[in-house]
Amino acid sequence: RSPHVDNDFDLRALESLLARLFTAESYSTTYSLLLNKTQDPAHPTLPEGMGSKVFMEWAHQLPEAQVPSWLGLPEDSDIVLLTQQARVVLDGWLQLQASQAEAELAYNPEEELDAA
């Protein structure tokens, strides 16, 4: 167990990623960085050259929006994530409405006037 990764699943995922990336083939400029190469024919490869300047130029040329398949995820995984986030927001909103309705039922200003 790693002292820096406190979750066994995360550690196994990290070890798997590192084992895939650090192979003899990964030193080739034609090596694909993507887990799923078949769905994106324009997949990125490693930059040609060495040094931080070459790497930074290469990184800045990557598209801003990456498709989920680059990470081996299904194409609709971003939609699934957004749907889950929307459900969380909607559940919170419904709970807020329910608690507000309960508070309004509990507070009756007419009862205060009758008591006075």
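In this chain, numbering begins with 1 at the start of the sequence shown.
The neighbour count for Gln97 CD, taken as heavy atoms of other residues, nucleotides or ligands under 6.0 Å away, is above 12.
The line from CD of Gln84 to CD1 of Ile79 is 12.5 Å long, rounded to the nearest 0.5 Å. The CG atom of Leu81 lies 11.5 Å from the CG atom of Asp76; values are rounded to the nearest 0.5 Å.
Judged by distance alone, the side chain of Ser16 and the main-chain N or O of Arg12 form no donor-acceptor pair under 3.5 Å. Using modelled atom types, one side-chain atom of Asn7 and one backbone atom of Asp10 make a donor-acceptor pair closer than 3.5 Å.
Of all the heavy atoms in Met50 and Val54, the pair that sits closest is O-CG2, 3.4 Å.
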### Query
Between Gln85 and Val88, is a side-chain contact (heavy atoms from CB on, under 4.5 Å) present by the stated rule, with each step listed?
CA-CA 5 Å; Gln85 290 173 341; Val88 168; 5.7 Å; no

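Placement of Phe22 and Phe55 within a single hydrophobic cluster is found when ILVMFWY residues are connected by side-chain heavy-atom separations under 4.5 Å, directly or transitively. Under a hydrophobic-cluster definition in which Ile, Leu, Val, Met, Phe, Trp and Tyr are linked whenever side-chain heavy atoms come within less than 4.5 Å, directly or via other members, Leu96 and Leu90 are assigned to different clusters.
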